[in-house]
Amino acid sequence: MFACLRAKDVIGFVQRHAPNLSPKSAALMVTALRNFLRYLQLRGDIAIDLSACVPSVATWQMSTLPKFLQPHQVQCVLDNCDRQTSQGQRNYAILLLLARLGFRACEVVALKLDDINWDAAEITVQGKGSRRAKLPLPHDVGEALAIYLKQGRPSCTSRCVFIRLKAPRQGFANSIAISTLVARALKKAGVQAPYTGAHLFRHTLATQMLRQGASMEEISQLLRHQSFNTTAIYAKVDLTALRPLAQPWPGGDL
């Protein structure tokens, strides 16, 4: 079956499917295709190395706009948490960490009881690359955490702040659980989001800070970016500040 494959078949496959995928997904697809074709050659199913003819997918740095929510949408998601239940108290506290402090999903999973300094109103974030940072603990976030820890968190030996609802009583296994929680919260609130992962709230926080006059340095510090270039992408959503930089377009209005 594979012996009939030709370069034009491989190129045609990529041309048909890549336009329907995001640049990142398309890049993963062509990588998998190259590996598969090398495997077929190794097995002897094809005579030549067709992986060399797989087209590359163009991915330009900072070519896309950050996906974010409007403030009323964030509030809608928060308001739809049933804070009379232990699940609602936990989810509300998690969503506040994402929305107010820009936590990554992995940072929510890694948060330990010892990371909260109630006396100093600080919270320690265990970020990427084992980096740790201390952030001020806003009143509403601290209150939500306190309510969950007092009323909603089940009794267990785990030092993780957030515990699974079902046995075994332990922290979340990975970041996927947080992104799934976010997707369900958006659906429950009826919020149509361009993206349903936990990072959506991080992008939203940065965008709102920028619109409220925060500097790029302040945003970078709060989001704990290792490189300032990572923060620079948010400059593209401030259309008011960018408008004076735009060049006149023939026949268009600015």
Side-chain angles (χ1 to χ4, degrees), residues 1-69 98 102-109 127-129 131 173-184 186-187 191-207 210 216 219-220 223-239 242 245-247 249 252:
M1 176 174 76
F2 294 115
C4 299
L5 277 178
R6 297 293 181 268
K8 65 177 183 178
D9 301 319
V10 175
I11 295 171
F13 174 85
V14 175
Q15 290 176 332
R16 287 194 303 274
H17 293 281
N20 301 321
L21 302 172
S22 67
K24 184 176 181 180
S25 297
L28 290 173
M29 178 191 72
V30 297
T31 299
L33 181 58
R34 290 191 188 99
N35 291 335
F36 179 63
L37 292 171
R38 293 188 186 107
Y39 172 70
L40 291 180
Q41 185 190 22
L42 182 64
R43 283 195 2 162
D45 293 328
I46 57 177
I48 60 175
D49 182 14
L50 289 176
S51 66
C53 68
V54 177
S56 298
V57 175
T59 54
W60 291 280
Q61 187 178 16
M62 298 178 66
S63 61
T64 59
L65 286 172
K67 298 176 176 62
F68 57 91
L69 299 174
L98 299 175
F103 266 52
R104 300 177 178 93
C106 62
E107 293 168 348
V108 173
V109 172
K128 291 183 176 179
R131 295 191 301 272
N174 51 51
S175 301
I176 296 175
I178 307 301
S179 291
T180 300
L181 183 153
V182 169
R184 289 174 178 171
L186 291 167
K187 183 177 180 180
V191 173
Q192 297 295 322
Y195 168 70
T196 59
H199 236 64
L200 177 67
F201 285 90
R202 187 173 169 86
H203 290 322
T204 299
L205 174 63
T207 302
L210 183 63
M216 285 295 179
I219 296 172
S220 180
L223 298 187
R224 306 167 303 283
H225 286 154
Q226 188 174 15
S227 170
F228 187 77
N229 290 334
T230 307
T231 313
I233 190 173
Y234 295 109
K236 298 194 295 183
V237 303
D238 192 352
L239 300 182
L242 290 175
L245 305 178
Q247 296 297 313
W249 183 262

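Note that the structure is a prediction, hence the values are computed from the model and not measured.
The two atoms that bring Leu50 and Ala7 nearest to each other are CD2-N, 4.0 Å, heavy atoms only. Considering all non-hydrogen atoms of both residues, Ala193 and Leu200 come closest at CB-CD2, 3.7 Å. Heavy-atom minimum distance, Leu186 versus Thr196: CD1-CA, 3.8 Å. Across every non-hydrogen atom of Leu37 and Ile46, the tightest pair is O-CD1, 3.5 Å. Heavy atoms only, all atoms of each residue included: Ala198 and Val182 are closest at CA-CG2, 3.8 Å. Between Leu98 and Phe103, the closest heavy-atom pair is CD2-O, 3.2 Å.
Leu5 CG to Gln41 CD: the interatomic distance, rounded to the nearest 0.5 Å, is 12.5 Å. Note: Thr204 OG1 to His199 NE2 = 11.0 Å, rounded to the nearest 0.5 Å. Atom CG of Asp49 is separated from atom CG of Leu42 by 11.0 Å, given to the nearest 0.5 angstrom. Going from atom CD of Glu107 over to atom CZ of Arg131 covers 9.0 Å, rounded to the nearest 0.5 Å.
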TODO: Apply side-chain contact (heavy atoms from CB on, under 4.5 Å) to Ser179 and Ile176, showing your working.
DONE: CA-CA 5 Å; Ser179 291; Ile176 296 175; 5.7 Å; no
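Using bins of under 30°, 30° to 60° and over 60° for the plane-to-plane angle, the ring pair Phe13/His17 lands in the tilted bin.
Between Tyr39 and Phe2, the gap from one ring centroid to the other reaches at least 6.0 Å.
The closest donor-acceptor contact from the side chain of Asn35 to the backbone of Ala32 lies at 3.5 Å or more, if one exists at all.
Looking only at side-chain heavy atoms (C-beta outward), Ile11 and Pro55 come within less than 4.5 Å of each other. Counting heavy atoms from C-beta on, the side chains of Val57 and Leu21 never come closer than 4.5 Å.
Sorted by first and then second residue, the pairs that involve residues 28-46 and meet salt bridge (charged side-chain N to carboxylate O under 4.0 Å, His left out), not counting sequence neighbours, are Arg43-Asp45.
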